[in-house]
Amino acid sequence: MSKGKPFLGETHDRAKAFPGIIALELTVTQDRWEHYTTKDWQRKSHYTLDNIQPFHRCANPRCQQGGLNLQHVVLYQSNGEHTMYCNGHEGTPAGRRKGDPCDNSFVVTLNKTETGK
């Protein structure tokens, strides 16, 4: 058993973190205009129910407290393509001084299969 912070909120068990979801394909593409990355593999990530993480990091190296909460995306978004914006800022790492808002965005393609659907 891990002694660290639980993987997805209250549990390390993906079945409990995503109740009712039996299959998942999630693609996250960020930095479409190549401001922060130069290679496609740096911009695009693929997740399934077996390898999903709690958060997807922002590619902006100056971004603090940003990124994308993947658990919320899976639980609260419908299937399809969605554009979401980073909620981070370019201030100090601990957030003592807020900087300009991060201008990175994420294009999320979600395909989930739920029980009974």
Side-chain angles (χ1 to χ4, degrees):
M1 189 90 186
S2 174
K3 293 185 180 195
K5 186 175 178 182
F7 173 66
L8 292 165
E10 300 295 320
T11 183
H12 290 280
D13 183 4
R14 287 181 173 92
K16 289 182 183 175
F18 300 108
I21 297 176
I22 56 175
L24 172 69
E25 291 180 29
L26 178 69
T27 302
V28 179
T29 306
Q30 64 175 315
D31 190 29
R32 293 176 288 169
W33 299 280
E34 300 180 10
H35 293 298
Y36 314 115
T37 59
T38 56
K39 310 261 188 297
D40 189 50
W41 64 267
Q42 296 170 315
R43 289 186 292 279
K44 191 176 276 192
S45 299
H46 303 281
Y47 299 101
T48 64
L49 202 53
D50 294 329
N51 71 352
I52 192 165
Q53 310 172 44
F55 289 95
H56 186 79
R57 291 194 57 180
C58 179
N60 179 352
R62 297 187 62 202
C63 181
Q64 303 297 323
Q65 301 169 337
L68 185 63
N69 185 327
L70 296 179
Q71 186 176 17
H72 286 176
V73 170
V74 172
L75 292 177
Y76 302 119
Q77 295 295 326
S78 59
N79 286 343
E81 186 173 289
H82 309 278
T83 301
M84 300 174 178
Y85 298 93
C86 183
N87 60 356
H89 61 89
E90 294 183 351
T92 58
R96 290 183 297 274
R97 184 172 297 156
K98 298 273 184 196
D100 292 331
C102 178
D103 62 355
N104 195 13
S105 63
F106 303 91
V107 175
V108 177
T109 305
L110 176 63
N111 185 12
K112 61 184 173 180
T113 304
E114 300 180 61
T115 55
K117 291 190 178 182

Asn104 versus Cys58, closest heavy-atom pair with distance: ND2-SG, 3.3 Å
Note, Leu70 side chain near Val28 side chain (heavy atom, < 4.5 Å): yes
Shortest non-hydrogen contact from Ile52 toward Phe18: CG2-CE1, 3.6 Å
Pairs meeting criterion ring-ring contact (aromatic ring centres under 6.0 Å, His included) with involvement of residues 61-85, two or more places apart: His72-Tyr76
Same apolar cluster: Leu26 and Val107, side chain cutoff 4.5 Å: no
Separation between CD of Glu34 and NZ of Lys39, rounded to the nearest 0.5 Å: 10.0 Å
Shortest non-hydrogen contact from Leu49 toward Ala23: CD2-N, 4.4 Å
Hydrophobic cluster identity match, Met84 and Tyr47, side-chain contacts under 4.5 Å: yes
Over all atoms of both residues, closest heavy-atom pair of Tyr36 and Pro61: CD2-CD, 3.8 Å
Value rounded to 0.5 Å, distance of CZ in Phe106 from OG1 in Thr29: 10.5 Å
Over 12 non-hydrogen atoms of neighbours within 6.0 angstrom of CD in Glu25: no
Given Arg43, His56, Lys44, the one that forms side chain to side chain donor-acceptor pair (under 3.5 Å) with Gln30: His56
side-chain contact (heavy atoms from CB on, under 4.5 Å) partner of Asp31, chosen from Thr38, Asp103, Thr37, Asn60: Thr37
Sub-4.5 Å side-chain heavy-atom contact between Gln65 and His89: yes
Which atom of Gly88 lies closest to which atom of Cys63, heavy atoms considered: CA-SG, 3.9 Å
Neighbour count above 12 (heavy atom, 6.0 Å) for Arg57 CZ: no
Val108 side chain near Gln77 side chain, heavy-atom distance below 4.5 Å: no
pair Leu24-Leu110: side-chain heavy atoms closer than 4.5 Å: yes
Nearest atoms (heavy-atom pairs only) where Ser105 meets Trp33: OG-CZ3, 4.0 Å
